[in-house]
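The structure appears right after this line, and notes come after that.
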Number of protein chains: 2
Amino acid sequence: MSAGKRTPRRTPGIRDVAAAAGVSVTTVSHVLNDTPHTRTADETKIRVKEAAARLGYQPNRLARGLRTQASGMVGLVTEEIATTPHAGRIILGAQEEASRHNLTLAIINSQLNHAPEVGSREVQAFLDRQVDGLIYATVYHDVVVPPEELLSVPAVLIGARDIGGKIPSVMPDERGGAASVVEHLVAAGHRRIAFAATAIDVPATRGRLLGFRDGMLAAGLDPDEFVVEAEPEAAGGYAATHALLGAGRSSAARPTAVFCYNDRMAMGAYRAIAELGLAVPTDVSVVGFDNQDPIPTSLFPALTTVALPHYELGAAAVEAIIRLKTEGGADLPEASEPQLLSCPIVERGSVAAPVRGTAA
Amino acid sequence: MSAGKRTPRRTPGIRDVAAAAGVSVTTVSHVLNDTPHTRTADETKIRVKEAAARLGYQPNRLARGLRTQASGMVGLVTEEIATTPHAGRIILGAQEEASRHNLTLAIINSQLNHAPEVGSREVQAFLDRQVDGLIYATVYHDVVVPPEELLSVPAVLIGARDIGGKIPSVMPDERGGAASVVEHLVAAGHRRIAFAATAIDVPATRGRLLGFRDGMLAAGLDPDEFVVEAEPEAAGGYAATHALLGAGRSSAARPTAVFCYNDRMAMGAYRAIAELGLAVPTDVSVVGFDNQDPIPTSLFPALTTVALPHYELGAAAVEAIIRLKTEGGADLPEASEPQLLSCPIVERGSVAAPVRGTAA
DNA sequence: CTGAAAGCGCTTACAG
DNA sequence: CTGAAAGCGCTTACAG
């Protein structure tokens, strides 16, 4: 409609807007950015805005970034994202929180790294792009030794602590989540509660077992009576459950509930329970951990489990970045004390009161 | 060690390198970028490289991007990434392929959008960042109507076709994958093969059913005899399997294999089969689709299923972007014909020969 | 209330 | 073989 004589091939720049509005680029910049401490006549403002809208002007973020020394990007490096169930939700949480602050999230995957050293190639790639902040997400390490460059920009760790104590971190409160499961089971009337644990060396292993013990102790129960170890897979849960409920045990010596280290184990537990001719939750209650899609809702009855706050972890990480940027940084409390995000129980159908009341 | 009198607070720029090497920035740029059609004395090259290394010089990609009009970023907008199982693998494939080409992947999530219009806010956000290419990934639509701006840059769709036929796309060959399952089952000796289908309106539904029919027809079998519809969840697979194998049917009229629309349904099928006192795969073979972690390996016996090439989809999308950038674009064949990526069967333990040979 | 000018850190004709 | 200079598209003191 409002076509000039030739279609501008390039996308319009601030200069085009200035020309169209009959003002300087300075003025265009001020009105479009609402620069503080700047007065512009309302009539001028309107002219500028109209011109910008008419031309479909969109500021070039690269240019702005170069000038302001702020790219408006935050980089997320994830350690072997593909192997983490639901890493997608960490990314989503980080991305949406970033968007809320007008930031763009960029991603680089780091090879699974059994050494605790954070890949510095990945960090450097982001630094070259002048990211405003850096998030490093890991699942395999308690503690991580980040490359020195990481300190040159606001940074936060997900799921691990900085060995140097300089970089703040956010992590799931696995211990608290596990303790709350015991509490939940005790409230339902259980006293003989088993834990199907694992020996795999990841932070979650220790946290969940500790939480189980916290809960048992708090309820005045023996935390060691029904703990068995197995591999953290369905087969392990199957084996553990057979060991717990199988032949050797008299029914009065059997646990009435089994809390599994993860949902995959719970899946195996269901199968073992069915084989034993028992039913969930009537004969035995079971609880999982991870809320690992699609297990809990695909099991029958649906599995009560504990959710990992993946989305929240991602979002909290970028919130922390923002805080570091604005508040300055070095002296933030988070650096020393990791921020723990709670792991809520999601109740479904696998917990009920035990068949017969159990005496203390 | 080689410290000057004051630690440079800022990161070194090309000017610092030039000064350190005693040459012009032009020369530094040429040697560091290996600019073609340019001669530089070897001795000079060495001096420059040493100076760059000594200072730890890293070129500022923002500045380079502004100058070259190429940001070195490709943008991925995913539609509701979180709800797609394994969207993480699409991201991973795209990211790694991008890295191979020295590109960085940025991500924006788009709200799940039941209309086929692609969100133009997300696209615009990337355009503002001068991305070199744009990928739009969807799972809920066959065909999508992209905003006009999407054409202003090399773009490719994952999992959907452009209604305008201008944007190339890559998608999984669900139909071929389903057909190969039937072939696999026939080769194992099955002739009475059931399909637990669904009516949900997503592209996968039609493709898989079509593939099932292709396979049955190719084997000279009736494609309609054992098709039942159910919801695409464990409960649906359970119901469908009961309908297929349950009371009403004489054993000779029962299918010997059930191919489930997805792995969740297969999970329900296992449960129904166990309830019926039958065993997988001795009495009935079952095959899933999706290779949805952690189902296939958590089931006993492990589930034979069809894998979706998520990683490959992501990688192929950025490959297509690269091709569009170099080869020019508009006249590429992909634009009209989607690139189909094969969905391979992953054989595990849930298929065996049927108990008794079945006559034609 | 508005604008001319410098400059962010690079790359790239162009000249020598 | 090497360098001076322009310019990518913005923002921001500074001056008027």
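Order of the sequence lines fixes the chain letters, A, B, ..., with proteins taken first and strands second; residue numbering starts at 1 for each chain.
- Here the side chains of Q130(A) and M73(A) are not in contact, with every heavy-atom distance at 4.5 Å or above.
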Derivation of the side-chain contact (heavy atoms from CB on, under 4.5 Å) call for Y311(B) and E96(B):
CA-CA 9 Å; Y311(B) 182 95; E96(B) 293 198 339; 2.5 Å; yes
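- Close to dT2(D), at under 4.0 Å from its OP1 or OP2, lies a side-chain N or O of T44(B).
- Between the CG atom of L127(A) and the C1' atom of dG9(C) there is a distance of 16 Å, given to the nearest Å.
- Proximity of I14(A) to S29(A): side-chain heavy atoms (C-beta onward) are separated by under 4.5 Å at one or more points.
- Closest non-hydrogen pair, R161(A) versus S169(A), comes out as CG-OG, 3.7 Å.
- Between the side chains of S24(A) and T27(A), a donor-acceptor pair is found at a separation under 3.5 Å.
- Within the 4.0 Å cut-off from OP1 or OP2 of dG9(D), at least one side-chain nitrogen or oxygen of Q69(B) is found.
- For DNA chain D, if you chain together Watson-Crick or G-U pairs that step i with j, i+1 with j-1 and so on, the runs of at least three with distances under 3.5 Å are C:1-3 with D:14-16, C:5-12 with D:5-12, C:14-16 with D:1-3.
- The pair R100(B)-E97(B) meets the salt-bridge criterion, with a side-chain N (NZ, NE, NH1 or NH2) lying under 4.0 Å from an Asp/Glu carboxylate O.
- Look at T40(A) and you won't find any side-chain N or O under 4.0 angstrom from OP1 or OP2 of dC1(C).
- When rounded to the nearest whole Å, the span between CG of D128(B) and P of dG9(D) equals 14 Å.
- For the pair E50(A) and R54(A), the salt-bridge criterion is not met [side-chain N within less than 4.0 Å of a carboxylate O].
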In 5'-to-3' order, the base (B), backbone-only (S) or no-contact (-) status of each nucleotide in nucleotides 10-16 of chain C, using a 4.0 angstrom heavy-atom cut-off, is BBBB---
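- Here the P atom of nucleotide dG7(D) and the CG atom of L66(B) are 14 Å apart, to the nearest Å.
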Between V131(B) and V74(B), does a side-chain contact (heavy atoms from CB on, under 4.5 Å) hold up when you go through it step by step?
CA-CA 5 Å; V131(B) 291; V74(B) 359; 5.7 Å; no
